[in-house]
Amino acid sequence: MSIVLTHGYYLLEDDKEQKIMRPYPPLGLLYISAYLNEKNLQNSIFDSTFYSFEEQLKFIKKEQPKIVAIYTNLMTKVNVIKLVKTLKTDHKYGNPKIILGGPDVTYNCINYLKTGVDFLIIGEGEQTSFELSNAILNSTNFKEIQGIAYMLDGELIKTPPRTKIKELVHLPLPNRDAIPIHRYLETWKKYHGKSSMTVSTQRGCPYTCKWCSTAVYGQSYRRRPAKMVAQELKMLKTKYKPDSVWFVDDVFTVSHKWLRDFHKEMIEEDAIIPFECITRAERLNDEILQLLKEIGCYRIWIGAESGSQKIIDAMDRRVNVDTVKTAIQKTNALGIETGTFIMVGYPGENRKDILQTVTYLKEANPTNFTITVAYPIKGTSLYNEIEEKITQQPNWETSTDRDIDFKRTYRRKYYNYAVRYIVNEVNSKRQKGIIPFTKLKMKSLIAQVGMKLYEL
């Protein structure tokens, strides 16, 4: 096989991921594989999720491909660099040309190319992967291909950006048959009692949140026709029989017109599968919530990031915290589970803002919430704002943007205690009157003491 598509996520080698056990297929690679197949360019996928680094190398050695195309992101970067260096320094793998794509390459071109990578694909990968692979396999000129980066005589060369795919109707369905889908379904079933699959209906996001990367799809909004998505759901329901679906879109209900069409098509196609999605509070109303429920929505993640309006405004979220709270409460009342995301340690956040976040979570009462300490992804507005305040910039090849730290209101350890405080304080309210309440309340008080120590 001349082209091998792969990535650097090894579930069984990651202790943290093994505690979560919620793996999903590499959807981006599956789209590229399907596109190459449609263009009669044969390829194979080595989906590393359930395999080891050694098994991945064994496969590449056996195939001796001319091209190895690798997807990379924040989570897999260190593994990907290790793979690149191995393939480039050991001739038994056939000296393939190495292509990298994914959200992490756009603003780290020189760093990635210095590891031995031959080409980077910047932005959407389907058309560029086809043109670049064709040029490599046929030894033709690649310098006019849009959306690539490479080194020439020690200099970085970036070709003009590729125009985004406007009509997603032309994209083939992901090549799910190329990977062991059954292993994903079985893993979910074993650890969570129900299986889950992913579906993408849109590309891009029209919003301007400062911490969010738009490196691949840009600040745009493009969507597949509602009928096409419903037909994909019908196929999944018939062929794979998943218990649930996760729509990976940034803002699932951004277009009410599209959602009304989708509701109609889902019913007509008999394609309903229980699903969860992410959206924004101001893109929900009573009608939209009812439509979502009627076509199987059982959980909605509604972004907030903070209970402090000051911090929400600093993030350029462009939403009112009370609007988010009301949306969560209305969703709960309709019998749909809710989730929300919280970020602590954002520039300018202080103790008062964190206390407001606790109040917000208690009053909104989402079914689930996740918390992360803010970190700057290169290329985002947040990174640009704090770049001169960076206090910890680890070695690029052995770290990720998550490891970057910058001057905040308090010292870094303060926010570790803040996370513990928020989790235990909010959960103690839910457990009031039950035995675990006292334990959670004690943990909350201890965390508050820790916060006080690091305020000094």
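This one's a predicted model, so the numbers in the text were calculated from it and none came from an experiment.
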Inset, instruction - List the steps, then state whether side chain to side chain donor-acceptor pair (under 3.5 Å) holds for Arg412 with Asn416. - result: CA-CA 7 Å; Arg412 179 61 176 77; Asn416 293 338; 2.8 Å; yes
Under 4.5 Å between any side-chain heavy atoms of [X] and [Y], yes or no?
X	Y	answer
Ile121	Val105	no
Tyr93	Pro65	no
Leu137	Ile67	yes
Asp47	His7	yes
Tyr346	Trp211	yes
Ser196	Asp243	no
Leu173	Arg224	yes
Pro225	Glu167	no

Tell me if the [atom1] atom of [X] is crowded by more than 12 foreign heavy atoms within 6.0 Å.
X	atom1	answer
Lys407	NZ	no
Lys82	NZ	no
Lys97	NZ	no
Gln392	CD	yes

Would you call [X] and [Y] a salt bridge, taking side-chain N to carboxylate O under 4.0 Å as the test?
X	Y	answer
Lys310	Asp353	yes
Glu131	Arg162	yes
Glu17	Arg22	no
Arg203	Glu126	yes
Asp14	Lys16	no

Paired with Tyr112, the ring pair (Phe, Tyr, Trp, His ring centres under 6.0 Å) test is passed by just one of Phe119, Tyr150, Trp396, namely Trp396
Next item on the list: Decide if the gap between the ring center of Tyr24 and the ring center of Trp188 is smaller than 6.0 angstrom.
Entry: yes
Self-check item: Phe341 and Trp301 aromatic centres sub-6.0 Å
Solution: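 Distance test on ring centres: under 6.0 Å, yes.
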Suppose we screen for side-chain contact (heavy atoms from CB on, under 4.5 Å). Which residues come up paired with Ser399, at least two apart in sequence or across chains?
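For Ser399, the residues satisfying side-chain contact (heavy atoms from CB on, under 4.5 Å) (neighbours in sequence not counted) are Pro394, Asp403.
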Return the minimal non-hydrogen interatomic distance between [X] and [Y], and the atom names on each side.
X	Y	answer
Cys209	Arg317	SG-NH1, 3.3 Å
Thr6	Gln56	OG1-NE2, 2.7 Å
Gly8	Asn79	O-ND2, 2.9 Å

- Are Arg408 and Tyr415 in a cation-pi contact, defined as NZ or CZ under 6.0 Å from the six-membered ring centre and within 45° of the axis? yes
| request: May I ask you to check if Arg411 and Tyr414 form a cation-pi contact, with NZ or CZ under 6.0 angstrom from the six-membered ring centre and within 45° of the axis? | output: no
_salt bridge (Lys or Arg N to Asp or Glu O under 4.0 Å) contacts touching residues 209-223 (sequence neighbours left out)_ =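 Matches after skipping sequence neighbours: Glu124-Arg222, Lys210-Glu385.
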| said: Please determine whether ring-ring contact (aromatic ring centres under 6.0 Å, His included) holds for the pair Phe50 and Tyr184, giving the CA-CA distance in whole Å, both sets of side-chain angles, and the decisive distance to 0.1 Å. | reply: CA-CA 9 Å; Phe50 297 103; Tyr184 288 93; 4.8 Å; yes
### Aromatic plane relationship, Phe46 with Tyr51 - under 30° parallel, 30 to 60° tilted, over 60° perpendicular
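Tilted.
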Ser195 (side chain) donor-acceptor with Pro242 (main chain) under 3.5 angstrom: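 It does not hold such a pair.
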The single option from Lys227, Lys239, Arg176 that satisfies salt bridge (charged side-chain N to carboxylate O under 4.0 Å, His left out) with Glu232 is Arg176
